[in-house]
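Working notes for the structure below.
Both ligands and their constituent atoms are indexed starting at 1 by order of listing. Nothing fancy with the numbering, it's 1 onward along the sequence.
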Amino acid sequence: MKKLALITGSKGGIGSAITEQLVKDGYRVIATYFTGNLVCAEQWFEEKQFSHDDVKLFELDVTNTEECLAKLPKLLEEEGTIDVLVNNAGITRDGLFKKMAPENWRAVIDTNLNSLFNVTQPLFAAMCEKGNCRVINISSVNGLKGQFGQTNYSAAKAGMIGFTKALAFEGARSGVTCNVVAPGYTATPMVEAMRPEVLESIKSEIPMKRLARPDEIASAVSYLASDAGAYISGETLSVNGGLYMN
Ligand code: CAA
């Protein structure tokens, strides 16, 4: 029987690459997509030529605590315990702090940080009971170093790291590892949406002088999910071309 992975925000730039990688690694993937986006999700499923054995589309608003509490235990009953949870869903609402609208603060904290509570809590007890499971949270180089115009995003992404380290303690006895992958600037629609001159100036600061490819982030997730990663917990694995060395 295939191991089971759940990936939030799975059709985004990095999420899609992680889904493809974990399918290659032999997992059945529960691929969550945001409320109302079924048509887009189905299109993505077709484009990637997934099979229904390998990937199940699952509508979930990760910011909605009640919805997660209602839907995720049912999913466990239908599919079994999640072996690998990848909290990947994330958004940006960049802007100077002095001009930041409260809704842009809240949207980013809700989607990027509060989602970790909403999605992980309904799944975690079963993971501990089963043992040898993985929680992998996708943070960012900007959660480690901060970034101009990203007080909301950097706060949420740094919060993910604290959450992960604390949860690593709670999972350790059961062999449930909790780790962070911290991508640098990656060639995804999120990064490509930046003003070209701002993106060019950031690229020039990356020692490797290029963006990450999404599959390079997915490889790090694959490693942490594998048996080879069983003794790594509470860690942050940076994949950032040398942009920030912590
Ligand atoms: N450090 C210091 N000052 C800076 C600066 C920096 N890094 N960047 C801009 N400034 C200055 C500008 O020179 C400008 O100064 P003047 O008013 O004296 O001209 C002032 O700050 C305002 O800057 P902008 O003109 O850029 O302001 P804006 O309101 O048009 O745009 C912004 C603000 C949207 C935040 C824009 O600066 C920006 O896009 N910054 C980059 C944010 C970023 O890196 N986002 C990453 C998105 S991808 C992602 O998040 C994925 C991941 O995990 C890596």
Side-chain angles (χ1 to χ4, degrees), residues 7-19 21 32-34 62-63 86-116 119 135-165 178-222 224 235-246:
I7 306 173
T8 66
S10 51
K11 71 177 175 54
I14 290 178
S16 184
I18 297 172
T19 306
Q21 180 64 54
T32 85
Y33 63 93
F34 187 52
V62 299
T63 68
V86 186
N87 285 306
N88 164 72
I91 58 168
T92 50
R93 294 284 184 275
D94 294 352
L96 299 181
F97 181 66
K98 55 189 173 191
K99 292 196 256 168
M100 186 175 286
E103 58 269 26
N104 287 341
W105 173 265
R106 282 194 210 103
V108 169
I109 300 292
D110 277 346
T111 306
N112 300 11
L113 182 60
N114 290 335
S115 61
L116 295 199
V119 177
V135 177
I136 301 167
N137 297 322
I138 309 301
S139 176
S140 164
V141 63
N142 293 341
L144 292 164
K145 73 167 191 54
Q147 171 64 338
F148 186 96
Q150 286 201 308
T151 47
N152 47 4
Y153 188 84
S154 297
K157 293 294 186 181
M160 292 176 88
I161 295 171
F163 171 90
T164 305
K165 288 181 176 177
C178 304
N179 291 291
V180 164
V181 171
Y185 285 78
T186 306
T188 63
M190 179 189 272
V191 166
E192 282 151 9
M194 292 169 67
R195 283 213 313 266
E197 70 278 16
V198 176
L199 182 55
E200 275 316 307
S201 121
I202 286 171
K203 252 198 233 170
S204 73
E205 287 165 20
I206 302 171
M208 290 194 185
K209 302 292 173 210
R210 68 169 177 89
L211 300 178
R213 296 189 316 268
D215 66 279
E216 291 174 314
I217 312 303
S219 299
V221 172
S222 169
L224 290 171
E235 263 307 317
T236 296
L237 178 50
S238 285
V239 187
N240 65 25
L243 178 58
Y244 184 69
M245 304 180 197
N246 52 306

Any donor-acceptor pair under 3.5 Å linking the side chain of [X] with the backbone of [Y]?
| X | Y | result |
| --- | --- | --- |
| Ser222 | Ala218 | no |
| Ser140 | Asn142 | yes |
| Asn240 | Pro183 | no |
| Asn137 | Thr164 | no |
| Asn114 | Thr63 | no |

Side-chain atoms of residues 202-217: list all donor-acceptor pairs with protein atoms under 3.5 Å, sequence neighbours left out, distances to 0.1 Å.
{"residue": "Ser204", "atom": "OG", "partner": "Ser201", "partner atom": "O", "Å": "2.7"}
{"residue": "Lys209", "atom": "NZ", "partner": "Ser204", "partner atom": "O", "Å": "2.3"}
{"residue": "Arg210", "atom": "NH1", "partner": "Glu216", "partner atom": "OE1", "Å": "3.0"}
{"residue": "Arg210", "atom": "NH2", "partner": "Glu216", "partner atom": "OE2", "Å": "2.8"}
{"residue": "Arg213", "atom": "NE", "partner": "Asp215", "partner atom": "OD1", "Å": "2.9"}
{"residue": "Arg213", "atom": "NH1", "partner": "Glu216", "partner atom": "OE2", "Å": "3.4"}
{"residue": "Arg213", "atom": "NH2", "partner": "Asp215", "partner atom": "OD2", "Å": "3.1"}
{"residue": "Glu216", "atom": "OE1", "partner": "Arg213", "partner atom": "N", "Å": "2.8"}

Pairs under 3.5 Å, N/O atoms on ligand 1 and on the protein: can you put them in a table with the distances?
{"residue": "ligand 1", "atom": "26 (O)", "partner": "Arg195", "partner atom": "NH2", "Å": "3.1"}
{"residue": "ligand 1", "atom": "30 (O)", "partner": "Arg195", "partner atom": "NH1", "Å": "2.9"}
{"residue": "ligand 1", "atom": "44 (O)", "partner": "Gln147", "partner atom": "NE2", "Å": "2.8"}
{"residue": "ligand 1", "atom": "44 (O)", "partner": "Tyr185", "partner atom": "OH", "Å": "2.8"}
{"residue": "ligand 1", "atom": "45 (N)", "partner": "Asp94", "partner atom": "OD2", "Å": "2.7"}
{"residue": "ligand 1", "atom": "45 (N)", "partner": "Gln150", "partner atom": "NE2", "Å": "3.4"}
{"residue": "ligand 1", "atom": "50 (O)", "partner": "Gln150", "partner atom": "NE2", "Å": "2.9"}
{"residue": "ligand 1", "atom": "53 (O)", "partner": "Ser140", "partner atom": "OG", "Å": "2.6"}
{"residue": "ligand 1", "atom": "53 (O)", "partner": "Tyr153", "partner atom": "OH", "Å": "2.6"}

